[in-house]
Amino acid sequence: MLRVAVVGSGPSGVYAAKELVEQREVPGVRVDVLDRLPAPYGLVRYGVAPDHEKIKSLQGNLRGVLEDERIRFLGNVEVGGEALPTGRLLELYHAVVYCVGAARDRHLGIPGEELAGVHSATAFVNWYSAHPDAVGEDFGLPRVRSAVVIGAGNVAVDVTRILARGEAELRPTDMPQPALGALAVSGVREVAMVARRGPAQGKFTTKELRELGTLPGVAVTLDPAELTLDPAYADPAGAAGLPAVNRRNVEVLRGWAEAAQPPAGAPADSDAERRIALRFFLRPVELLGDSGGAVRAVRLERTLPDGRGGVTGTGTYEEIGAQLVLRSVGYRGVALPGLPFDPARGTVPHAAGRVLRDGRASVGEYVAGWIKRGPTGVIGTNRPCAKETASSLLQDAGALAARDLPDDPLPAMRAAGLHPVEWPGWLGIEEAEAALGASLGRHSVKIPDWPGLLAAAGAPAPMSGP
Ligand code: NAP
């Protein structure tokens with residue numbers, strides 16, 4: 001039997017586990033999927049926006065994998081800490097596949113990032129997704145009239161949309177009650193989503209962009225003069241070499257800018273309760289504060305395309321007033337103690353998923369997902385990525401299985417002071433979330449704190465917080 005630990009129960013981890021048990025070349029592979037959190041599914045539970053029910057429903061597929069009898073979920077197990085260092089894990093399993101994602105947000109590196117009211121989009125996403133490390137976050141929403149979201153990827157679109165949506169639309173989702181309550185009394189009327197490059201370089205996907213034009217009571221505004229700075233804007237279909245998604249994005253933006261009427265279902269600008277302004281060719285240079293140390297505006301420099309896909313500054317500046325600024329400029333991988341790390345790329349060096357130590361494949365150590373290739377792609381991108389890693393591992397199976405291991409690693413983990421949450425514990429969390437939702441007159445509602453999650457899972461409470 002080949003015993004494998006997969007660290008991380010997000011899509012890349014679950015797809016890696018599936019690939020390992022469903023192949024036929026190496027019989028008898030058993031996989032434990034470990035996660036720091038007591039709940040599985042990684043960014044599908046704690047990243048996909050609550051109003052994206054269709055993407056969320058992928059949890060059903062991931063669940064089917066984790067319920068396979070050859071796979072065991074062990075939540076509430078932190079790898080890389082004192083109780084379970086990476087080296088110890090390799091003593092308990094023939095092989096370890098790290099699928100730990102890219103947990104940290106990137107910074108802008110401009111003055112004013114420390115001002116009150118300036119947050120990462122990740123913190124905001126974690127809060128409305130009930131990530132237990134984000135419990136008690138406060139974005140001061142009742143006091144905010146104008147928000148600025150910096151960046152033009154799908155996360156920027158997600159946080160822009162959630163800020164613009166009304167409580168009635170979010171109530172049917174599993175958004176935790178404190179976040180729903182805070183959004184219900186939000187004072188936000190204007191959200192500016194600001195890209196440093198042009199409409200043809202937006203990183204968002206077209207479906208997500210289009211959705212902004214369908215939000216009840218929300219008007220999307222664009223400045224045609226700004227859009228036409230992009231050479232691809234005049235003729236996106238003819239713009240040589242523009243990938244299909246970028247071409248479609250430009251077409252949607254053109255359609256909105258040129259329409260005499262707002263998009264079907266959207267209110268006229270004057271009737272809108274909230275407005276989303278999509279801004280382009282503006283790069284943030286400073287976050288400006290008031291006398292109390294809170295952000296009051298973002299200072300941006302007008303940029304122009306440089307003809308090579310980048311932009312140059314023009315020396316012309318503009319301020320957009322904001323009491324809340326969310327930087328949404330991408331994620332970054334975090335080094336796991338004991339594992340090699342490339343700080344420039346924010347990933348673990350690897351060859352076809354085999355971890356490289358000093359340029360050589362390290363026996364028994366593998367990576368998949370964002371920690372392997374960086375924070376790019378949609379959920380489905382993890383399938384081929386996990387498949388490549390699993391096939392490397394299976395090619396090594398002969399050498400890996402030669403090593404004698406102790407029996408089940410679970411007693412060793414418990415002896416180290418860990419309290420793994422197994423599948424029935426997770427089902428306990430699901431039941432408690434359904435009961436919480438019923439008590440609030442909602443569907444299932446997520447539990448947002450560590451003690452609540454652990455109690456529902458039947459695990460002991462944390463001694464002094466995680
Ligand atoms: P992303 O797609 O990499 O977008 C990052 C954005 O930040 C880009 O517009 C980038 O502009 C901008 N940026 C970077 N540094 C900046 C700076 N210093 N100043 C101003 N702007 C800056 O990252 P993401 O939005 O975090 O998404 C991560 C991944 O998750 C993506 O693959 C995304 O598709 C995926 N995701 C998918 C969904 C979905 O399918 N619904 C939802 C959420 C996330 P430049 O292009 O100019 O660098």
Side-chain angles (χ1 to χ4, degrees), residues 10-12 42-58 101-113 118-126 128-129 148-162 192-212 230 232 243 245-246 249 253 278-287 298-306 308-313 320 325-333 345-347 369-382 385:
S12 59
L43 276 185
V44 176
R45 177 171 160 95
Y46 289 116
V48 172
D51 60 337
H52 276 177
E53 283 92 357
K54 195 155 171 230
I55 312 182
K56 282 246 170 246
S57 69
L58 263 175
R104 196 154 295 158
D105 54 277
R106 294 180 53 225
H107 280 68
L108 295 166
I110 59 173
E113 273 189 276
V118 180
H119 304 268
S120 69
T122 321
F124 192 64
V125 170
N126 282 346
Y128 68 59
S129 303
V148 168
V149 176
I150 296 170
N154 276 331
V155 172
V157 174
D158 276 349
V159 298
T160 297
R161 192 182 66 253
I162 294 291
M193 189 178 109
V194 186
R196 63 180 172 181
R197 297 195 287 161
Q201 288 90 38
K203 291 270 185 75
F204 36 69
T205 39
T206 313
K207 188 164 169 275
E208 277 62 31
L209 173 65
R210 257 199 208 111
E211 192 181 4
L212 293 179
D230 192 332
V245 59
N246 302 69
N249 286 344
L253 293 166
L278 301 181
R279 303 294 311 271
F280 294 91
F281 292 115
L282 288 171
R283 78 171 162 219
V285 291
E286 188 174 358
L287 301 162
V298 186
R299 187 158 188 263
L300 303 129
E301 182 180 15
R302 166 66 64 208
T303 59
L304 285 176
D306 65 3
R308 299 184 304 276
V311 284
T312 49
I320 304 180
V325 175
L326 299 179
R327 58 168 192 275
S328 182
V329 294
Y331 291 89
R332 254 192 84 70
R345 292 172 44 89
T347 54
W370 279 3
I371 197 66
K372 170 184 171 188
R373 60 174 208 277
T376 57
V378 291
I379 293 170
T381 317
N382 290 299
C385 175

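Just so you know, ligand 1 is whichever comes first in the structure, and atom 1 is the first atom listed for that ligand. Heavy atoms only: backbone and side chains are in, while hydrogens, waters and symmetry mates are out. We count residues from 1, following the sequence as given.
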Give a yes/no verdict on whether any heavy atom in Asp158 is under 4.0 Å from an atom of ligand 1. yes
Could a heavy atom of Ala195 be found less than 4.0 Å from some atom of ligand 1? no
Would [X] count as a polar contact of ligand 1, with the cut-off being nitrogen or oxygen pairs under 3.5 Å?
X      : result
Gly151 : no
Asn154 : yes
Gln201 : no
Gly377 : yes
Ala152 : yes

Give a yes or no on whether the backbone of Thr347 and the side-chain of Lys372 come within a donor-acceptor separation of less than 3.5 Å. no
Can you find a heavy atom in the side chain of Ile55 that is under 4.5 Å from one in the side chain of Val44?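 The answer is no; the side chains never approach within 4.5 Å.
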Mind checking whether Asn154 and Thr205 have side chains closer than 4.5 Å, heavy atoms only?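 Touching, per the 4.5 Å side-chain cut-off.
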Does the side chain of Arg332 pick up a donor-acceptor pair with the side chain of His107 at under 3.5 Å? no
Can a side-chain donor-acceptor contact be found between Asn249 and Arg210 if the only test is distance below 3.5 angstrom? no
Quick look: Glu208 vs ligand 1, heavy-atom contacts under 4.0 Å, and the answer is side chain
Checking contacts here: is it the side chain or the backbone of Pro375 that comes within 4.0 Å of ligand 1, counting heavy atoms only? Could be both or neither.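 Backbone only; the side chain of Pro375 stays clear of ligand 1.
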Which residue owns the protein heavy atom closest to [atom], what's the atom, and how far is it?
atom                    : value
atom 22 (C) of ligand 1 : Val329 CG1, 3.3 Å
atom 29 (C) of ligand 1 : Trp370 CZ2, 3.6 Å
atom 27 (O) of ligand 1 : Val155 CG2, 3.7 Å
atom 4 (O) of ligand 1  : Gly153 CA, 3.6 Å
atom 23 (O) of ligand 1 : Gly330 CA, 3.8 Å

Nearest neighbour of atom 16 (C) of ligand 1 from the list Arg196, Lys203, Arg106, Arg283, on a heavy-atom basis: Arg196
Which heavy atom of [X] sits nearest to which heavy atom of [Y], and what is that distance?
X      : Y      : value
Trp370 : Ala102 : CE3-CB, 3.8 Å
Val155 : Ala121 : CG1-CB, 3.8 Å
Glu286 : Ile110 : N-CD1, 3.7 Å

Hey, can you tell me if Phe280 and Phe204 have their rings parallel, tilted or perpendicular (30° and 60° cut-offs)? perpendicular
Any idea which atoms of ligand 1 are less than 4.0 Å away from a heavy-atom of [X]?
X      : value
Thr376 : 32 (O)
Arg197 : 45 (P), 46 (O), 47 (O)
Tyr331 : 26 (O)

Check the surroundings of atom CZ in Arg283: do more than 12 heavy atoms from other residues, nucleotides or ligands lie under 6.0 Å from it? yes
Are any non-hydrogen protein atoms located under 4.0 Å from atom 10 (C) of ligand 1? no
Just to verify, what does Arg196 make a salt bridge (Lys or Arg N to Asp or Glu O under 4.0 Å) with, not counting sequence neighbours?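 If we apply the salt bridge (Lys or Arg N to Asp or Glu O under 4.0 Å) test to Arg196, skipping adjacent residues, there are no hits.
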Among Leu43, Leu58, Ile379, Asp158, whose side-chain contact (heavy atoms from CB on, under 4.5 Å) with Val48 holds? Ile379
